[in-house]
Amino acid sequence: MTNVGWIGCGRMGAAMAGRLARAGVPVTAWNRTRSKAEALEPLGASVADTIADLRDRDVVFTMVSTPADLKEVLLGADGLLADPERVPGAVVDCSTVSIEASAEVRVACDELGVAFLASPVSGNGKVAETGGLSLVVSGPAGTYGRIEPLLALIGKSVTYVGEGEGARLVKIAHNLFLGVVTQSLAEITVLAEKGGVSRAAFLEFLNDSVMGSVFTRYKSPAFVNLDYLPPTFTPILLRKDFDLGLAAARRLDVPMPLAASTAQLVQASVGSGRVDEDFAILLDLQAAASGLELRPENVVVDDGLGAPAE
């Protein structure tokens with residue numbers, strides 16, 4: 001049985017680690033705020049006092065917010081790789097970080113003989129809890145083959161895209177599309193409402209049409225009832241990914257006019273000060289620019305994840 005260490009027990013990390021623990025995998029979790037790791041104990045997980053306690057694990061997963069956080073928990077003075085004589089067999093990072101930060105960590109792992117997989121995910125905390133995440137992975141093929149059974153316990157699909165940092169580019173491209181689609185959805189929803197059609201009716205039609213998707217259905221409750229808390233993804237996090245994506249586009253000489261325009265609208269959402277709400281506030285900004293005052297419609301809308309949302 002593979003012994004797993006887990007670093008980062010925020011909403012996403014806790015849900016992902018919880019799926020491994022529920023499946024009977026021996027998981028020991030660490031989080032800067034210990035109580036968040038302790039929440040996994042009823043599922044069978046153990047709690048580490050320090051990151052150093054995870055150095056003897058077969059594989060350690062990381063799920064943190066920023067490149068700086070990733071470097072700190074792995075390469076810092078008290079990090080996972082601080083003792084060259086005592087390192088885990090492999091590290092799997094599920095965070096969304098830049099290609100450059102990931103490559104730096106990969107080099108450090110290689111120097112210590114630690115296999116490193118980049119495995120960012122598509123989804124949010126609620127999706128993670130239901131096992132609906134999609135994972136994209138890059139790194140040594142042999143390591144992927146050994147760890148894929150664990151990844152399959154975390155999400156519904158796992159896609160291997162080769163060596164190096166390919167998974168990082170895939171996730172960044174995914175999040176660019178996420179922002180562009182959400183802005184487009186906001187524009188057409190405001191157009192329909194200003195023409196006299198309720199948001200609930202318009203989105204019901206859209207979701208049942210060929211243009212509907214798992215994502216448009218999932219976002220419909222927030223759009224209909226203007227319920228942006230708790231956030232699934234904040235404007236600041238989306239801005240970070242647009243910065244990463246447009247930087248990659250410049251480096252690869254790929255013109256991205258739609259993404260560049262959306263980046264400015266995402267920046268406007270950050271500038272509005274509503275940085276602790278869901279990025280679906282793009283709908284509110286679009287309505288304000290269109291001279292439309294939105295009100296919650298107070299309609300029960302199915303988010304497609306199993307239970308209707310008020």
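All values below come from the heavy atoms of this structure, side chains included, with hydrogens, waters and symmetry mates left out.
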Test side-chain contact (heavy atoms from CB on, under 4.5 Å) applied to C9 and L40, step by step = CA-CA 9 Å; C9 299; L40 293 169; 4.0 Å; yes

I need the [X] [atom1] to [Y] [atom2] distance, nearest 0.5 Å.
X    : Y    : atom1 : atom2 : answer
M16  : F61  : CE    : CZ    : 7.5 Å
L178 : I172 : CG    : CD1   : 13.5 Å
L75  : L80  : CG    : CG    : 9.5 Å
L265 : T182 : CG    : OG1   : 12.0 Å
Q183 : I188 : CD    : CD1   : 11.0 Å
T262 : L238 : OG1   : CG    : 9.0 Å

Between R239 and D243, is a side-chain contact (heavy atoms from CB on, under 4.5 Å) present by the stated rule, with each step listed?
-> CA-CA 6 Å; R239 179 179 66 177; D243 289 343; 4.1 Å; yes

Ignoring hydrogens and angles, state whether a donor on the side chain of R168 or S102 is under 3.5 Å from an acceptor on the partner side chain.
->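 Their side chains do contain a donor-acceptor pair, which is all the 3.5 Å distance test asks for.
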
With side-chain contact (heavy atoms from CB on, under 4.5 Å) as the test, would you mind laying out the steps for S138 and L117 before giving the verdict?
-> CA-CA 6 Å; S138 62; L117 293 180; over 6 Å; no

Does the [X] side chain pair with the main chain of [Y], one donor and one acceptor, at a distance under 3.5 Å?
X    : Y    : result
S213 : F215 : yes
K156 : S134 : no
R55  : V87  : no
R106 : A101 : no
T33  : K36  : no
S184 : V180 : no
S95  : V97  : no
W6   : G8   : yes
R274 : S269 : no
S261 : L258 : no

Decide if atom CG of D276 counts as having more than 12 heavy atoms of other residues, nucleotides or ligands within a radius under 6.0 Å.
->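 Check fails, neighbour count at 12 or below.
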
Hey, is CG on D110 packed in by over 12 heavy atoms from elsewhere, all under 6.0 Å?
->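 Atom CG in D110 is packed in, count exceeds 12.
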
Kindly indicate whether the side chain of [X], heavy atoms from C-beta on, has any atom under 4.5 Å from the side chain of [Y].
X    : Y    : value
L133 : M12  : yes
D93  : S119 : no
Y160 : E148 : no
R57  : V4   : no
F116 : V105 : yes
L43  : L20  : no
S157 : L135 : no
N175 : F233 : yes

Which pair of non-hydrogen atoms, one from [X] and one from [Y], has the smallest distance, and what is that distance?
X    : Y    : result
P84  : A82  : CD-O, 3.4 Å
V161 : G166 : CG2-C, 3.8 Å
Q286 : A186 : CG-O, 3.9 Å
S272 : I281 : OG-CD1, 4.2 Å
P88  : V60  : CB-CG2, 3.9 Å
V224 : R199 : O-NH2, 2.7 Å

In chain order, what residues pass the side-chain contact (heavy atoms from CB on, under 4.5 Å) check against [X], with sequence neighbours excluded?
X   : value
D53 : A48, D49, T50
S46 : T28
S65 : D69

hydrophobic_cluster_shared for [Y] and [X], side chain cutoff 4.5 Å:
X    : Y    : value
V197 : L292 : yes
V190 : V301 : yes
V266 : V181 : yes
F223 : F279 : no
V121 : V25  : yes

T189 and L203: side-chain contact (heavy atoms from CB on, under 4.5 Å), yes or no, with the steps?
-> CA-CA 8 Å; T189 301; L203 290 169; 3.9 Å; yes

Report the residue from N207, T232, D303 that forms a side-chain hydrogen bond (donor to acceptor under 3.5 Å, both in side chains) with K219.
->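 Answer to the side-chain hydrogen bond (donor to acceptor under 3.5 Å, both in side chains) test with K219 among N207, T232, D303: T232.
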
Could you check D284, T234, D278 and say which one makes a side-chain hydrogen bond (donor to acceptor under 3.5 Å, both in side chains) with Y228?
->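 Between Y228 and the candidates, side-chain hydrogen bond (donor to acceptor under 3.5 Å, both in side chains) is satisfied uniquely by D284.
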
Can you check salt bridge (charged side-chain N to carboxylate O under 4.0 Å, His left out) on E297 and R295, steps first, answer last?
-> CA-CA 6 Å; E297 294 184 354; R295 292 183 175 84; over 6 Å; no

Residues R146, D58: salt bridge by 4.0 Å N-O rule =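 Salt bridge between R146 and D58, a charged N being under 4.0 Å from a carboxylate O: no.
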
Under-4.0 Å salt bridge between E100 and R251 =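 Between R251 and E100 there is a salt bridge, with a charged N closer than 4.0 Å to a carboxylate O.
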
